[in-house]
Amino acid sequence: MREFKNKVAVITGAGNGFGLEFAKECAERQMKVVIADIEEDDLKNTEKIVKEMGAETLAIVTDVSIYDEVKKLADRTIEKFGSVDLLFNNAGVVVAGPVWELPIREWDWIMGSNVYGIIHGLKAFIPIMLKQDTPCHIVNSASVAGLLTTQNMVAYHTTKHASVALTESTNYSLQAINSKIKMSVFCPGFVQTDLDNCDRHRPERFKIDPNEPYYESAAYKAGIERGHYVINNGMPIDSIRQSVFMAIEEEQFYILTHPQYNLVIGKRVKDMLEGKNPDVSMFFN
Ligand SMILES: NC(=O)c1ccc[n+]([C@@H]2O[C@H](COP(=O)([O-])OP(=O)(O)OC[C@H]3O[C@@H](n4cnc5c(N)ncnc54)[C@H](O)[C@@H]3O)[C@@H](O)[C@H]2O)c1
């Protein structure tokens, strides 16, 4: 996709972090911008920013873990703008801790936001794009956590490996039918966003249960602390939107932003192919 002016972009998780950056880039490129987020106030803030940049905008409070809400987002996009050209399935959250300690509710929340969020976006928007038969692009936000594994992030890795697989497999299917829809999977390392404060985005049904001892545990508290540390010391966000839009223009499928992880990704695959066991020494620190 190389033409952006007057085209329609839809961005989930647009209230903060990457979603807000993508919205700003879309506005700068004179696109019509449909922004969605579970947080109404954060969404209003993004709406104000992109409107001030001169973009025609539609803001819809959406919980991506609920298919009917994503379907409504797609329907309202078509009602208002008549088409959709660029989709960012970007909303996401993070959960830390070992599988034997994590309450099932944590899994339901993160799978709902990070995996079902993408499934819902693909299911609601791809039929519209196929019918249009115009050059379109879909960017799914995964993570470098979808290309490697570390300790204590089992739920996040599981969702991000799923996001990579969802994107790769869908892309094969679309290319097999000669569709004009191109795809990318965005796999950054740590970047300074609001991700470490994602507990505040829990829908009512996934709110922290005060009777659940896990939330008083050392593992839970250590996970929160580490989240603040790695996000606050991550890459500044400024350059991200240019990298992602360059990838869209170049039809680049994998968008990696942190070359320091390439060795680890490569070693994982090399060990696998050579019949070696995972190198646990890399992550015991
Ligand atoms: N920041 C990083 O270091 C990093 C690294 C790799 C991947 N990612 C991924 O990038 C994506 C965006 O994260 P970010 O870092 O910009 O975080 P962020 O917290 O700054 O922004 C995420 C946005 O998603 C929204 N959201 C959360 N759950 C939602 C739901 N169910 N429905 C709709 N909106 C919802 C939040 O309200 C928030 O505005 C996520 O998928 C995240 O996993 C982030």
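Ligands are counted one by one from 1 in listed order, and the atoms in each one are counted from 1 as well. We use all heavy atoms of the structure for the numbers below, so side chains are in, but hydrogens, waters and symmetry mates are not.
Among residue pairs with one or both ends in residues 122-138, those qualifying as salt bridge (Lys or Arg N to Asp or Glu O under 4.0 Å) are Asp133-Lys180; sequence neighbours excluded.
Between Asn45 and Asp42, the side chains place no donor N or O within less than 3.5 Å of an acceptor N or O (distance only, hydrogens not considered). A donor atom on one side chain and an acceptor atom on the other are not found under 3.5 Å apart for Arg202 and Ser113. Counted by atom type alone, Gln30 and Lys7 present zero donor-acceptor pairs between their side chains at under 3.5 Å.
Hydrophobic cluster membership of Leu273, counting Ile, Leu, Val, Met, Phe, Trp and Tyr whose side-chain heavy atoms lie under 4.5 Å apart directly or via other members: Val269.
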Would you be so kind as to tabulate the donor-acceptor pairs closer than 3.5 Å made by side chains of residues 237-248, with sequence neighbours excluded?
| unit_1 | atom_1 | unit_2 | atom_2 | d |
| --- | --- | --- | --- | --- |
| Arg241 | NE | Glu25 | OE1 | 2.8 |
| Arg241 | NH2 | Glu28 | OE1 | 3.3 |
| Arg241 | NH2 | Glu28 | OE2 | 2.9 |
| Ser243 | OG | Ser239 | O | 3.2 |

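Every protein residue with a heavy atom nearer than 4.0 Å to ligand 1 is included here: Gly13, Gly15, Asn16, Gly17, Phe18, Asp37, Ile38, Glu39, Thr62, Asp63, Val64, Asn90, Ala91, Gly92, Val93, Ser113, Ser141, Ala142, Ser143, Tyr156, Lys160, Pro188, Gly189, Phe190, Val191, Thr193, Asp194, Leu195, His201, Ile231.
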